[in-house]
4 protein chains.
Amino acid sequence: MSPAEIIQRRRRKEARPQELLDAALSLFVEKGFAATRAEEVAALAGVSKGTLYLYFPSKEELLKAVISHFLVARITEGAELAQRFEGPRAQLLRGMLIDWWTDLYESPASGVFKLVITEVRNFPEIAEHYAREVIEPAHQMIGGIITQGIARGEFRQVDVSTAVHSLVLPLVMMCLHRHSLGACPQDWHLDPRAFIEQHVHLVLDGLCAAQGASPSPTASPTNP
Amino acid sequence: MSPAEIIQRRRRKEARPQELLDAALSLFVEKGFAATRAEEVAALAGVSKGTLYLYFPSKEELLKAVISHFLVARITEGAELAQRFEGPRAQLLRGMLIDWWTDLYESPASGVFKLVITEVRNFPEIAEHYAREVIEPAHQMIGGIITQGIARGEFRQVDVSTAVHSLVLPLVMMCLHRHSLGACPQDWHLDPRAFIEQHVHLVLDGLCAAQGASPSPTASPTNP
Amino acid sequence: MSPAEIIQRRRRKEARPQELLDAALSLFVEKGFAATRAEEVAALAGVSKGTLYLYFPSKEELLKAVISHFLVARITEGAELAQRFEGPRAQLLRGMLIDWWTDLYESPASGVFKLVITEVRNFPEIAEHYAREVIEPAHQMIGGIITQGIARGEFRQVDVSTAVHSLVLPLVMMCLHRHSLGACPQDWHLDPRAFIEQHVHLVLDGLCAAQGASPSPTASPTNP
Amino acid sequence: MSPAEIIQRRRRKEARPQELLDAALSLFVEKGFAATRAEEVAALAGVSKGTLYLYFPSKEELLKAVISHFLVARITEGAELAQRFEGPRAQLLRGMLIDWWTDLYESPASGVFKLVITEVRNFPEIAEHYAREVIEPAHQMIGGIITQGIARGEFRQVDVSTAVHSLVLPLVMMCLHRHSLGACPQDWHLDPRAFIEQHVHLVLDGLCAAQGASPSPTASPTNP
DNA sequence: CATGAATGAGACTTCATTCAT
DNA sequence: AATGAATGAAGTCTCATTCAT
């Protein structure tokens, strides 16, 4: 047996879980967990049905592994990036939300949002994990930047949590859209990067505006 | 059979499709289409398995009927409401997005967003219908108000489509959240109405601000 | 719909569980539980795979039902028979073990012994049920007769439990044999009724013999 | 590789088949052939799945080897023992059935009875082999002793074949019991050696009794 | 010789749908 | 119109067996 062959074999064996996770992510996001057959996942990963079960004890465990796997690394990476930047908070926010998020949007990992939305109620263990490992740190990261901006006088004294959601939720929606309507042929394909940029600027305008120019919040046409 | 019973029976018979649609919406949103059994829908509607098939030719047609049914009426109702209001566009926007949307958020119809996100890729006919009957008119309605506001000098000259998305996508996300993580016990239950109000104000601040005070959009920490 | 058809349909539905139990007993005894496919059972009962699962929640539950079902009625029936008989205990024993047991031997119920022997260790719940519902009452019944016989002076003062086993175990073995080697073509088909009669007489001879004529139990050729 | 290691390895290699047979006997008897996985057998023998197939071409052949292997040596050994003994036939019988059988009962080989009962109908080749190599010689051996005893005037003129069965079948049942109900925790653990002794004495009492004291065989309570 | 990764036929079980009542 | 027993295609998972190392 040649060393090359050993390496070849060993590399395949070690690469299997990742290949299966990639295949599973792709199919679960496209068709949903229940509508994806285990054999399809195996086939997309280039192995047989049985091999899938050598690496994951059940389809459900595969789902949990997929959800655990793809976002965590990106989140910590983003948090480190934020830590290192010293300039104005508005500029940092723009960097995080535009560059870092655009990367995420374009990677398969963006499908995890759809997967979580779709499957949490069927697999409640997912909720806790996702809240702790993804939402919590991401919220801390963005919220921390805004809090710093307020402290430095860059931003108005807004409700931090709301501001985080206003900034981030449209971006999450973009990810969901990418893997639902956005994947349908007749879609009007809006440019994600352009939208992200403009959205971030629009909300930052709201954050930075020195004088709260908006009218009183209580008046409304249907509730006079 | 007394006349009262005849009326009772006739009324039930006429109400059947609605009861089945309600039951189907509830279960499809909670568990997903594929993971919901036809018999469960029938049971929740208080009829037997066979009866479901008297009113809908298949589970898939039931899904399509659910998606068609719940949002259309609300959209046209909202559009009429908007048409009648004469005051400032900012005030109208607030009214639409706060009162009208909060109603929607709290009704079971809000689950349709999750259903569409989840199922479009498996049933492409849904995409076309949803785009034409829901997204299009809703976007027209909000976009029209913003365009009027710009024309009247109330709003800055922003990209209308982006502004619509920035306003609406977080609200859609709230609906998705309500039927996914928000339905899990360990969730941190943020107050939807409060968030909606603050979000709309924040973005309107960005829209109304006379001078674009935000820094140059090209500088970013990771893309110097 | 004709009344006859209703009855026909209703009768079939009510008869299903029994038909399935009969089929399952036959196949489980012949091939063993693990080697019998659920679909075979259904086919032998004249229904489809799915129908089996309308009546039994799993193959394992079907096994338990089979074991519970077939012996209990016979045991109580035998106990009643014994209760009613007034004559000599030796004659009663002969009646029970020859007539009643020959019936059992020739019925499919005799297969349950093989099934229990084979499957108790895989399904421990079976053990308790079988011990309580079958062994216990049957042992009581035979043991009671012998005890009475000793009290009346018909039998020698032997160990009752051993006598019960000496009488009954060969008969159980006959049942096992019938469904194992006895079912193989090359078997030497000994006549079960003849053997049962002679065996019962032989052991009764041991029981009745007025004087213990057998040599001392401690001497043996390999253990001097 | 040191000479010691070579010897060690060679010894292991030669011992493999026996180790695999031991492991297979143990598991097949406990769980049944169909419910035992080949890998379990290998693991219990301390080798890998693949190694099993170096020594036995299939799981089925392993079963046949197990059944062939364990009883034959004991039978011939017993037959030789019987040949050498010169004393009274009753004493010889007691020796054979008590000492020799108790040994067998306590060894793993006793499980073969269960295995045969369980599997003959699925693997008919087993029947012929078992009848020729086990039943036939054992029956000859015990039957021969009884025939000699009758010839010598030690025993009454009974049906030899029945007497053999009456003596032996309870002992076989004891072996079956040991590996089925007897292995369940809630069992009433009767003492096998005590039972065997008493049973042999009881039946020998029937054999030796000078006068057939038992009542006429035709009268029975249910068949008057 | 020995290993254990890989395969794929096959078993159990579910569930959308039909149809006799 | 309503029911629910019956069906059988299809999906998940197991495991005997092979073969490259």
Side-chain angles (χ1 to χ4, degrees), chain A residues 1-10 12-14 16 34-42 46-60 62, chain B residues 9-10 12-13 16 34-43 46-60 62, chain C residues 1-10 12-14 16 34-42 46-60 62, chain D residues 9-10 12-13 16 34-43 46-60 62:
Chain A
M1 62 192 168
S2 75
E5 281 170 325
I6 290 179
I7 288 170
Q8 160 71 16
R9 163 73 73 126
R10 193 169 293 159
R12 286 216 69 193
K13 166 154 199 296
E14 275 152 17
R16 280 285 145 75
T36 301
R37 288 168 25 218
E39 193 164 12
E40 289 179 285
V41 174
V47 298
S48 77
K49 203 178 9 169
T51 302
L52 171 60
Y53 287 91
L54 291 179
Y55 294 94
F56 298 93
S58 71
K59 198 184 157 193
E60 187 175 330
L62 176 60
Chain B
R9 184 179 255 248
R10 191 168 296 155
R12 285 214 64 197
K13 188 184 109 185
R16 282 284 150 73
T36 300
R37 288 162 39 202
E39 192 165 12
E40 289 178 283
V41 175
V47 298
S48 79
K49 212 176 354 174
T51 302
L52 172 61
Y53 285 87
L54 293 178
Y55 293 95
F56 299 92
S58 74
K59 197 182 156 193
E60 188 176 330
L62 177 60
Chain C
M1 60 193 171
S2 75
E5 281 170 325
I6 290 179
I7 288 169
Q8 160 71 15
R9 161 78 67 133
R10 195 168 292 158
R12 287 215 69 194
K13 164 153 201 302
E14 274 152 19
R16 281 285 145 76
T36 301
R37 288 168 24 217
E39 192 164 12
E40 289 178 286
V41 175
V47 298
S48 76
K49 206 176 4 169
T51 302
L52 171 61
Y53 287 90
L54 291 179
Y55 294 94
F56 298 93
S58 72
K59 197 184 157 193
E60 187 176 329
L62 177 60
Chain D
R9 182 179 257 247
R10 191 168 296 158
R12 284 216 63 199
K13 188 185 108 183
R16 281 284 149 74
T36 301
R37 288 164 35 203
E39 191 165 13
E40 288 178 284
V41 175
V47 299
S48 79
K49 211 176 354 174
T51 302
L52 171 61
Y53 285 87
L54 293 177
Y55 293 95
F56 299 92
S58 73
K59 197 182 155 193
E60 188 175 330
L62 176 59

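Order of the sequence lines fixes the chain letters, A, B, ..., with proteins taken first and strands second; residue numbering starts at 1 for each chain.
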Checklist outcome for this item: Of all heavy-atom pairs linking C:A35 and D:A34, the shortest is N-CB, 4.2 Å
Checklist entry - Between A:A38 and A:L52, which heavy-atom pair has the shortest distance, and what is it? => result O-CD2, 3.6 Å
Could you tell me how far apart [X] ([atom1]) and [N] ([atom2]) are, to the nearest whole angstrom?
X: B:L54; N: E:dT17; atom1: CG; atom2: P; result: 14 Å
X: C:E60; N: E:dT13; atom1: CD; atom2: P; result: 9 Å
X: C:L62; N: E:dA11; atom1: CG; atom2: P; result: 17 Å
X: B:E40; N: F:dG4; atom1: CD; atom2: P; result: 17 Å
X: C:E14; N: F:dA5; atom1: CD; atom2: P; result: 11 Å
X: C:Y55; N: E:dT14; atom1: OH; atom2: P; result: 17 Å
X: C:L52; N: E:dT14; atom1: CG; atom2: C1'; result: 13 Å

Counting side-chain heavy atoms from C-beta on, which of [options] comes nearest to [X]?
X: C:S48; options: E:dG4, F:dT3, F:dT7; value: F:dT7
X: D:Y53; options: F:dT18, F:dG4, F:dG11; value: F:dT18
X: C:R37; options: E:dA11, F:dC15, F:dT3; value: E:dA11

Next on the checklist: So, using side-chain contact (heavy atoms from CB on, under 4.5 Å) as the criterion, who are the partners of B:S58 when residues are at least two apart?
Outcome noted: B:E60, B:E61
Next on the checklist: So, using side-chain contact (heavy atoms from CB on, under 4.5 Å) as the criterion, who are the partners of B:E40 when residues are at least two apart?
Outcome noted: B:L27, B:K31, B:T36, B:R37
Checklist entry - With a 4.0 Å cut-off on heavy atoms, is B:K59 in touch with a base, just the backbone sugar-phosphate, or nothing at all? => result sugar-phosphate
Checklist outcome for this item: Nearest-nucleotide check on DNA chain F, C:G50 vs A:T36; residue mapping nearer the 5' end is C:G50
Item to check | First encountered from the 5' end of DNA chain E, between A:T51 and B:E39 | outcome: A:T51
Item to check | Pairwise P distance, E:dC1 and F:dT21 [rounded to whole Å] | outcome: 22 Å
Checklist outcome for this item: Every stem of 3 or more Watson-Crick or G-U pairs under 3.5 Å that DNA chain E joins, in order of first number, is E:2-21 with F:2-21
Next on the checklist: If you compare every side-chain N and O of B:R16 against the phosphate oxygens of F:dA1 (OP1, OP2), does one of them come in below 4.0 Å?
Outcome noted: no
Item to check | Side-chain-base donor-acceptor pair under 3.5 Å for A:K49 and F:dG11 | outcome: no
